[in-house]
Amino acid sequence: MSRKPFLAGNWKMFKTSAQARQFFSELIKLSPLKDDREVALAVPFPSLEASVAAVADTPIIIAAQNVYFENEGAFTGEVSAPMAAATGARAVILGHSERRQFFGDTGAWVNKKLGAALAAGLIPILCLGESLAEREGGRAFDVLAAQLKEALNGFSAADLASLVIAYEPVWAIGSGKTATPETAQEAHVFIRRHLAEQLGDKTAEAARILYGGSVKPDNIAKLMSQPDIDGALAGGASLDAAAFARIINFDA
Ligand code: PGA
């Protein structure tokens with residue numbers, strides 16, 4: 001099955017809404033989007049509306065970087081999935097390793113957040129990845145299996161028709177140490193096999209599995225040449241419109 005490449009950026013805690021508008025006006029000038037690929041940018045909550053407006057005449061998908069799993073209530077400082085969706089955002093990153101490391105997102109929370117995202121009609125971009133110690137200790141695949149099992153617990157294949165997964169080894173994030181295309185491919189095959197066991201072959205074959213961790217304009221084509229790498233989630237390189245334009249316009 002051929003899967004449409006999904007190229008996403010994650011700004012993390014960078015850019016005001018004015019800077020977001022500036023970025024999108026540059027990106028749109030630089031880059032007539034090819035229709036054989038999907039492009040998404042995950043922006044901070046306060047920039048969601050400005051970003052949605054800035055890409056209104058383009059197919060670019062605007063994503064949130066997190067949501068809480070309750071729809072509303074006394075949860076000071078949190079943003080719900082329906083609130084994110086109401087801005088016009090169409091996707092959300094869930095379970096990013098920075099959320100898991102710094103903000104206490106557990107596997108059980110990621111599971112609940114996935115439910116909230118799906119109920120709000122958001123495309124979930126579910127992040128998984130092992131730490132350096134886990135990889136060096138030979139436990140990378142056990143960690144990926146456990147994260148997947150926990151996140152997807154209780155959902156059917158039909159629920160997860162829009163599922164996007166991002167394999168982001170923690171040791172590759174922001175470190176300049178990209179996983180080799182072969183290492184990433186091996187992890188993606190493992191994830192797809194696991195998806196097939198949990199959800200069936202059809203869902204596993206349809207799911208886009210992105211690689212994230214020091215994706216740059218000069219390594220995107222090699223990564224994308226692997227059969228099970230269906231896209232990328234770029235952090236640092238998505239902050240610069242020219243660099244991100246080169247990533248999304250990689251030569252297939
Ligand atoms: P990086 O971040 O591209 O800066 O390594 C990737 C991510 O955390 O999504």
Side-chain angles (χ1 to χ4, degrees), residues 5-15 19-20 23 27 38-45 47-48 51 60-67 84 89 91-105 110 113-114 117 122-132 134-135 140 143-144 147-148 151 163-181 183-185 187-188 191 207-224 226 229-250:
F6 191 101
L7 298 149
N10 171 16
W11 284 352
K12 311 191 178 190
M13 199 175 72
F14 289 98
K15 294 195 193 291
Q19 290 167 327
F23 173 95
L27 183 69
E38 284 184 275
V39 172
L41 248 312
V43 310
F45 289 126
S47 301
L48 281 173
S51 299
I60 297 172
I61 294 168
I62 299 300
Q65 299 174 7
N66 176 43
V67 284
V92 60
I93 294 178
L94 299 171
H96 190 281
S97 61
E98 286 152 16
R99 299 285 329 163
R100 296 182 196 252
Q101 264 179 282
F102 306 137
F103 303 101
D105 278 24
V110 173
K113 289 179 176 195
L114 177 58
L122 295 169
I123 299 165
I125 305 172
L126 171 66
C127 297
L128 312 170
E130 80 286 358
S131 68
L132 185 60
E134 288 160 346
R135 176 155 285 267
V143 169
L144 295 178
Q147 288 176 343
L148 262 181
L163 180 68
V164 175
I165 288 192
Y167 168 60
E168 297 208 306
V170 178
W171 46 271
I173 294 178
S175 64
K177 284 189 207 136
T178 321
T180 64
T183 302
Q185 165 67 14
H188 286 218
I191 291 167
R208 264 87 55 94
I209 306 180
L210 321 182
Y211 167 77
S214 299
V215 170
K216 305 287 175 214
D218 59 4
N219 60 26
I220 183 70
K222 272 234 167 73
L223 288 161
M224 292 301 293
Q226 296 290 330
I229 301 184
D230 309 315
L233 182 54
S238 72
L239 291 169
D240 178 67
F244 192 63
R246 286 176 60 206
I247 289 176
I248 65 182
N249 287 315
F250 80 94

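Both counts, for ligands and for their atoms, begin at 1 and track the order of listing.
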Applying side chain to side chain donor-acceptor pair (under 3.5 Å), run through Gln65 and His96 and close with a yes or a no.
CA-CA 8 Å; Gln65 299 174 7; His96 190 281; over 6 Å; no

Does the plane of the ring in Phe23 sit parallel, tilted or perpendicular to the ring in Phe244? Use 30° and 60° as the thresholds.
tilted

Can any side-chain N or O of Tyr211 pair as donor or acceptor with the backbone N or O of Ala179 at less than 3.5 Å?
yes

Would you check if the side chain of Ser131 reaches a backbone N or O of Val170 as a donor-acceptor pair within less than 3.5 Å?
no

Quick check: does any side chain N or O of Arg100 sit under 3.5 Å from a backbone N or O of Gly95, one acting as donor and the other as acceptor?
yes

Given 3.5 Å as the limit, does a donor-acceptor pair link the side chain of Asn10 with the main chain of Gly235, or not?
no

Report all N/O contacts between ligand 1 and the protein shorter than 3.5 Å as a table of atom names and distances to 0.1 Å; if there are none, say 'none'.
| unit_1 | atom_1 | unit_2 | atom_2 | d |
| --- | --- | --- | --- | --- |
| ligand 1 | 2 (O) | Lys12 | NZ | 3.3 |
| ligand 1 | 3 (O) | Ser214 | N | 3.4 |
| ligand 1 | 3 (O) | Gly235 | N | 2.8 |
| ligand 1 | 4 (O) | Gly236 | N | 2.9 |
| ligand 1 | 5 (O) | Gly174 | N | 2.6 |
| ligand 1 | 5 (O) | Ser214 | N | 2.8 |
| ligand 1 | 8 (O) | Lys12 | NZ | 2.8 |
| ligand 1 | 8 (O) | His96 | NE2 | 2.7 |
| ligand 1 | 9 (O) | His96 | NE2 | 3.3 |
| ligand 1 | 9 (O) | Glu168 | OE1 | 3.3 |
| ligand 1 | 9 (O) | Glu168 | OE2 | 2.7 |

